[in-house]
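Notes for the one structure printed next.
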Amino acid sequence: MAGDTSAITDIARLLVESRYAVVFTGAGVSTESGIPDFRGPQGLWKKIDPDVFSIGYFMSNPEEVWRLFIKLFLEIPRVEPNRAHRAIARLEEIGVVKAVITQNVDGLHQRAGSKNVIELHGDLRYAVCLNCRGKIDLEKVLEEFKQKGGTPRCPQCGGLLKPNVVFFGEPLPFVALERAYEEAGRADVILAVGSSLTVMPAANIPFYAKQNGAKLVIINMEPTALDYIADIVARGRAGDILSSILEEVERMMG
Ligand code: NAD
C-alpha cells in the first residue's frame with residue numbers, strides 16, 4: 001500500500017460509510033498522465049506568465065494566445081487517463097462516489113469512465129464565439145488555424161473565437177457552478193485531489209461542503225490552502241493513494 005497506511009484505511013472507511021461522496025479535482029490529478037500543473041514544482045507558471053491567459057490579454061492579442069494555447073494543449077487528446085482517474089471512475093461505478101467536480105479541462109475523467117462530471121473551467125472540445133456565444137468543435141478551429149493562421153473567427157457571425165476554457169478574469173460557467181454547489185451541499189464526504197486549493201472561486205467548493213457538514217479529505221503532493229480545516233490529509237501521488245484507497249474500499253465492501 002502506498003502512502004500513509006492508516007490515512008488510507010481511514011479514508012476508505014469514510015467512503016464506505018458515506019451516503020454521498022463527491023470528488024473535487026485539480027491539475028495534480030493529471031500530472032501522472034504527463035500534463036503539467038500550474039503551481040506544482042514543475043508547474044507551467046514557472047515558465048509562462050499567467051497573465052497571458054487573462055481575458056484582457058486575450059482580447060488584445062488573440063492570435064498570440066491561440067498560438068500558445070495550441071502549443072500547450074494540442075497534445076492532450078493523445079494523453080491517457082492515469083490510475084487516479086481510473087480509481088475515481090471505479091469508485092463511481094461501485095456506487096461510492098456520486099459526482100466528480102473538476103477544475104481540469106482535459107476530459108480525462110470522462111475518458112476513464114466517470115459519468116457525473118462537472119467541469120468548472122470549461123473543456124477542450126469547443127471554441128466559443130465571444131459575440132454570438134455559438135460553440136464550434138475545437139478540432140475544426142485548430143485545423144483551420146494550422147492551415148491559414150490568423151485570428152480564429154466564428155463561421156456564423158465573424159465574432160472572435162476563444163477556446164472554451166475559463167480565462168483569468170472571466171466568470172465560471174453558471175450552470176456548472178450551480179451544479180457543483182448542489183453536489184457539494186449534498187456531500188457527506190468530499191475528497192479534494194491534486195489541487196493547491198488556491199484558485200477562486202473553484203476552491204470555495206470543498207470549503208462550502210465542509211461548512212455544510214461534509215468530512216473533508218485532501219490528497220495532494222504538497223500542503224494546500226485548506227489543510228488546516230481538513231479531517232484527513234494524505235500527502236503523496238494521487239495515482240498511488242487513490243489506487244490504495246480503491247483496493248481498501250473493495251476489500252471492505254467484500
Ligand atoms: P494547481 O497547479 O494550483 O495545483 C496542483 C496541485 O497538485 C499542486 O499543489 C501539486 O503539488 C499537486 N500535484 C501535482 N502532481 C500531483 C500528483 N501526482 N499527485 C498529487 N498531487 C499532485 O492546480 P489547480 O488547483 O487545479 O488550479 C490550477 C488551474 O489550472 C485549475 O483551475 C485548472 O483549470 C487549470 N489546469 C488544468 C489542467 C488540466 O486540465 N489538466 C492543467 C493545468 C492547469
Side-chain angles (χ1 to χ4, degrees), residues 2-4 7-8 11 23-55 68-69 71-88 100-112 114 117-125 138 163-173 176-177 180 190-207 217-227 230 233-245:
D4 175 348
I8 283 163
I11 298 167
V23 179
F24 175 88
T25 65
V29 84
S30 294
T31 54
E32 290 165 59
S33 293
I35 305 172
D37 60 14
F38 283 171
R39 290 172 190 74
Q42 315 294 324
L44 216 54
W45 296 157
K46 300 261 186 314
K47 294 171 213 140
I48 291 170
D49 180 355
D51 282 350
V52 173
F53 288 112
S54 69
I55 188 67
L68 185 63
F69 175 83
K71 195 167 140 216
L72 292 173
F73 295 105
L74 200 64
E75 291 305 312
I76 289 183
R78 283 182 283 281
V79 163
E80 292 301 319
N82 64 52
R83 292 188 304 158
H85 300 108
R86 288 198 296 272
I88 293 168
V100 179
I101 302 166
T102 188
Q103 301 171 86
N104 296 343
V105 296
D106 55 36
L108 292 178
H109 284 300
Q110 293 91 328
R111 283 178 50 203
S114 287
V117 181
I118 300 164
E119 293 170 314
L120 290 176
H121 291 162
D123 58 65
L124 296 176
R125 294 184 291 278
L138 183 62
N164 189 35
V165 301
V166 175
F167 280 25
F168 292 113
E170 283 193 294
L172 266 50
L177 195 58
I190 187 154
L191 256 55
V193 185
S195 174
S196 58
L197 299 174
T198 52
V199 178
M200 292 296 166
N204 268 332
I205 286 164
F207 189 77
V217 175
I218 295 181
I219 299 170
N220 205 60
M221 210 120 83
E222 301 173 295
T224 79
L226 293 187
D227 286 3
V233 175
R235 199 66 55 76
R237 285 161 64 91
D240 293 339
I241 296 175
L242 282 165
S243 307
S244 299
I245 292 170

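Atoms within a ligand are numbered from 1 in the order they appear, just like the ligands themselves. Worth saying up front: this structure is predicted, and the values here are computed from it rather than measured.
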Per-residue contact class, Asp106 against ligand 1 - non-hydrogen pairs under 4.0 Å: both
Spacing of OG1 belonging to Thr25 relative to CD1 belonging to Ile219, to within rounding of 0.5 Å: 11.5 Å
Heavy-atom nearest neighbour in the protein, as seen from atom 20 (C) of ligand 1, with distance rounded to 0.1 Å: Gly236 O, 3.3 Å
Per-atom contacts of ligand 1 with Gly194, taking only distances under 4.0 Å to non-hydrogen atoms: 5 (C), 6 (C), 7 (O), 21 (N)
Distance-minimising heavy-atom pair for Ala203 and Pro206: O-CD, 3.3 Å
Atom 13 (N) of ligand 1: nearest protein contact (heavy atom, Å): Gly28 CA, 3.6 Å
Interfacing atoms of ligand 1 (cut-off 4.0 Å, heavy-atom, Gly26): 26 (O)
Nearest protein heavy atom with distance in Å, relative to atom 26 (O) of ligand 1: Ala27 N, 2.7 Å
Identity and distance of the protein heavy atom lying nearest atom 3 (O) of ligand 1: Ser196 OG, 2.5 Å
For atom 29 (C) of ligand 1, closest protein heavy-atom neighbour: Phe38 CD1, 3.5 Å
Part of Asn220 within contact of ligand 1 (heavy atoms, under 4.0 Å): both
Glu222 contact mode with ligand 1 (heavy-atom cut-off under 4.0 Å): both
Separation between CD1 of Ile218 and OG1 of Thr224, rounded to the nearest 0.5 Å: 3.5 Å
Sub-4.0 Å heavy-atom contact, Pro36 with ligand 1: yes
Ligand 1 contact on Ser195 by region, counting heavy-atom pairs under 4.0 Å: both
Mode of Gln103 contact toward ligand 1 - side chain, backbone, both, neither (heavy atoms, under 4.0 Å): both
Under 3.5 Å: donor-acceptor pair, side chain of Asp49, backbone of Asp51: yes
Within-shell test, Ala202 vs ligand 1, heavy atom, strictly < 4.0 Å: no
Donor-acceptor contact present, side-chain Thr102 to main-chain Glu119, <3.5 Å: no
Part of Val199 within contact of ligand 1 (heavy atoms, under 4.0 Å): side chain
